[in-house]
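Quick caveat: nothing in here was measured; it's all calculated off a predicted structure. Below, all heavy atoms of this structure are taken into account, side chains as well, without hydrogens, waters or symmetry copies. In listed order, ligands and their atoms are each counted from 1.
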Amino acid sequence: MPVETNNKNKIKPPNKRQFGGSLLILLTLLLSLNLFVPNIFGPEIPQVPYSDFVAAVQAGKVDKAIIGNERIQYTLKGEASENQTLKGKTPEKVFQTTPVALDLDLPKILRDNKVEFSAPPPDQNAWIGTLISWVAPPLIFFAIWGFFLNRGGGGPAALTVGKSKARIYSEGSTGVKFADVAGVDEAKAELEEIVDFLKNADKYTRLGAKIPKGALLVGPPGTGKTLLAKAIAGEAAVPFFSISGSEFIELFVGVGAARVRDLFEQAKQQAPCIVFIDELDALGKSRAGAGGFYGGNDEREQTLNQLLTEMDGFDANTGVIIIAATNRPEVLDQALRRPGRFDRQIVVDRPDKIGREAILKVHARNVKLSSDVELATIAIKTPGFAGADLANLVNEAALLAARNNREFVITADFNEAIERLIAGLEKRSRVLNEIEKKTVAYHEVGHAIIGALMPGAGKVEKISIVPRGVGALGYTLQMPEEDRFLMVEDEIRGRIATLLGGRSAEEIIFGKISTGASDDIQKVTELAERFVTVYGMSDKLGPVAFEKSQSQFIEGYGNSRRAISPLVAEEIDREVKEIVDNAHHIALSILDKNRDLLQSMAQELLQKEILEGEELRGSLKAAEAPTEMQEWLRSGKLPVDMVLKQTAFA
Ligand code: ADP
Ligand code: MG
Ligand code: ZN
């Protein structure tokens, strides 16, 4: 990655810190003066014990005394001159002692012995102490506050709460070009237009056209939105300002708004340039939805309003183009999306097979690949992977090859890397006892047999009883044969049955069940509930959505379920249970019919630990559904929106 040149030092006013600094220096000076004045200027006076002083008084030797709270100074008779005060005496003739506070008889003794005594004159420097005691606490407070602000907020200017945290990347320094982004050709084509606006603004303004102010990149995480924004700046060779929506949200109301103002001020000075606002949803959450639950968020609202004002406030042709990114466009405030603001929405979707191959190529540029590696095949095996996942995959494969001291990265490295990303790291060190191992083996074979028979689930690629990841003691890997964007009703039912296959196998073989199926059950329940409440696939409840859409539902506040009567709630519960029970029944009957296959495959798996490839497929071909079910397996055609990802059953 290119180095970001961080120019913030140059754009911050430097004087405020100096002001704070000189205050501090003055303060310490005053303090030290106060402490050292008596020592520097006061004469060195011999110190005597209090008892000696009293003895001297009683012996009638003392001439005059000044009785202070903290010290008593006195002169002896015969040694005193005519002067009224003790000041100006030569040091040897003046003595000093510390009074004993309890000695209340002292005045009487002094009077009896006719000593002339008085209290010390008021300290002429006392006002400094008073001043300091009033001024110092707030000064210290501000100094500490400034210090922490400085550390937290970055930048040398203490006490500048509202200054933007936006960084300037100097010209062309993002170093990212469109060639570095692959698999999102449509988005790139649209963004190329923006590059042209930035490069040849007058071509458009000459004809009276207005350059669009903002573009919103919409897409799932890791699909390359940030990368694309950088590529625009890189291609047009303009400065790149970037800030994340969450950085606007501050503890103090008004700070976020000040940041927005400051950001745009800076951007206008550097035009033409790109202002990139990442995670716009953190800032631009619909005000309508939020207000209902917790009375609105003042800070966010103010910041958002400021952003809207700024976007309206500058002339479209100044050359500042705002690019924002979000993965939750549906929660954005309507006001952000109207023309004149983010009027262009550019979808950056998960790549298809060809796109994945292209992205793999980009990231494999600097990796030494063995000649047997076919990126196209790897692309087929990775449906649902986003650009970031693929970048990670290539890196994992390269790391594996390096660990094995290979010259080149081979296909096996990629396969292992894919499994790692899907199911987690292998944990051979986790030793299972015999019974556990047997349970896991039957459980996984149960998944595999059901999975092989269910419609649309793809082929079972691998079964393993080598522990992986956080909790998986074994796993079954199933790969869809192609990218899928819809799932039909019976495929969901099939998926539920496959998930229950593991537990069903345990029931049939051991007559009792282990805790190993908890993750499966979790997924089953969730899927069945979505079947009813989100996809509207239940015959009894019909196409009614029982879950709120994202724009109506604010995470962490209230219920995601629509307001429903208790009767309907009961109905939903019953439907969910029925779907699960049905699938469980299907899994049990299939496994019962294939008991022999289940036995033989489990034994083989116990021996080899891993079953895969042709061998596995050959065994699974022997699986057959009970006759009464063959009809059901061919039915159902309701479309639903769900990306079928590669799955691993634990
Ligand atoms: P997003 O902002 O959409 O969450 P990023 O742009 O931050 O995703 O992507 C993270 C990383 O993943 C990038 O730095 C890049 O290495 C890789 N990546 C993501 N999408 C692509 C793509 N389409 N082409 C090439 N690399 C990509
Ligand atoms: Mg991003
Ligand atoms: Zn399982």
Side-chain angles (χ1 to χ4, degrees), residues 1-2 174-188 191 216-232 242-246 276-282 323-328 346-352 354-366 385-395 423 439-451 463-465 468 471-478 495-507 513-524 587 647-650:
M1 283 300 287
T174 65
V176 182
K177 293 279 157 112
F178 276 141
D180 299 319
V181 194
V184 281
D185 296 336
E186 288 141 55
K188 263 205 292 197
L191 291 171
L216 182 61
L217 301 175
V218 173
T223 45
K225 299 181 294 295
T226 310
L227 195 65
L228 272 170
K230 283 186 182 167
I232 300 170
S242 105
I243 192 159
S244 160
S246 57
F276 178 59
I277 303 175
D278 213 347
E279 307 164 44
L280 183 67
D281 45 294
I323 312 258
T326 180
N327 46 28
R328 305 170 67 205
I346 296 167
V347 177
V348 187
D349 216 343
R350 285 208 185 83
D352 58 6
I354 296 171
R356 288 196 298 274
E357 189 183 343
I359 296 173
L360 285 169
K361 250 186 210 139
V362 167
H363 289 283
R365 271 187 309 211
N366 300 321
F385 274 45
D389 301 322
L390 293 167
N392 193 8
L393 171 65
V394 173
N395 192 48
T439 308
V440 175
Y442 278 99
H443 180 109
E444 298 308 331
V445 173
H447 279 313
I449 290 176
I450 309 290
I463 319 176
S464 159
I465 51 169
R468 250 190 204 277
L473 298 178
Y475 58 97
T476 305
L477 210 59
Q478 200 175 22
R495 176 80 138 262
I496 295 174
T498 310
L499 282 163
L500 287 169
R503 178 193 153 111
S504 305
E506 289 180 39
E507 279 173 74
I513 44 188
S514 74
T515 55
S518 68
D519 190 48
D520 294 335
I521 293 171
Q522 196 75 41
K523 283 184 190 150
V524 161
T647 38
F649 302 105

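Atom CG of Asn392 is separated from atom CZ of Phe385 by 9.0 Å, given to the nearest 0.5 angstrom. Note that CG of Asp389 is 10.0 Å distant from OG1 of Thr223, once rounded to the nearest 0.5 Å. We find the CG-CZ distance between Leu280 and Arg328 to be 12.0 Å, quoted to the nearest 0.5 Å. Between Glu186 atom CD and Ile346 atom CD1 the span is 11.5 Å, to the nearest 0.5 Å.
Looking only at protein heavy atoms, the nearest one to atom 10 (C) of ligand 1 is Ala388 CB, 4.0 Å. Here the protein heavy atom with the shortest distance to atom 8 (O) of ligand 1 is Gly224 N, 3.3 Å. Ranking the protein heavy atoms by distance from atom 14 (O) of ligand 1 puts Leu227 CD1, 4.0 Å first. In this structure, the protein non-hydrogen atom closest to atom 2 (O) of ligand 1 is Thr226 OG1, 2.6 Å. Scanning all protein heavy atoms for the shortest distance to atom 21 (C) of ligand 1 gives Gly387 CA, 3.8 Å.
Polar contact check, Val362 against ligand 1: no nitrogen or oxygen pair lies under 3.5 Å apart. The shortest N/O to N/O separation between Val181 and ligand 1 does not fall below 3.5 Å. Between Gly222 and ligand 1, a contact under 3.5 Å exists for at least one N or O pair. Between Ile359 and ligand 1, no pair of N/O atoms sits closer than 3.5 Å.
Between Pro351 and Val184 the shortest side-chain heavy-atom distance does not fall below 4.5 Å. In this structure the side chain of Phe178 reaches within 4.5 angstrom of the side chain of Ile232, judged on heavy atoms. Arg356 has its side chain within reach of Leu390: a pair of non-hydrogen atoms, C-beta onward, lies under 4.5 Å apart. Between Arg503 and Asp520 there is no side-chain heavy-atom pair separated by less than 4.5 Å. Using a 4.5 Å cut-off on side-chain heavy atoms (C-beta onward), His443 and Leu473 make no contact.
In Asp180, the part holding a heavy atom less than 4.0 Å from any atom of ligand 1 is the backbone.
Around the Mg ion (ligand 2), the protein N, O or S atoms found under 2.8 Å comprise Thr226 OG1.
For a distance bound of 2.8 Å, the N, O or S atoms of Asp520 include one lying that close to the Zn ion (ligand 3).
Taking each of Pro220, Ala182, Ala325, Ala229 in turn, the one with a heavy atom nearest to atom 22 (C) of ligand 1 proves to be Ala182.
Residue-ligand proximity: His363 is placed with a non-hydrogen atom under 4.0 Å from ligand 1.
The distance from ligand 1 to the heavy atoms of Pro221 drops below 4.0 Å at these ligand atoms: 4 (O).
Between Arg365 and Asp180 a salt bridge is recorded (basic side-chain N to carboxylate O distance below 4.0 Å).
For the residue pair Val348 and Pro220, the shortest heavy atom distance occurs at O-CD, 3.5 Å. Residues Asp281 and Asn327 share a closest heavy-atom pair of OD1-N, 4.1 Å.
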Step-by-step side-chain contact (heavy atoms from CB on, under 4.5 Å) determination, Leu191 to Leu217
CA-CA 10 Å; Leu191 291 171; Leu217 301 175; 4.1 Å; yes
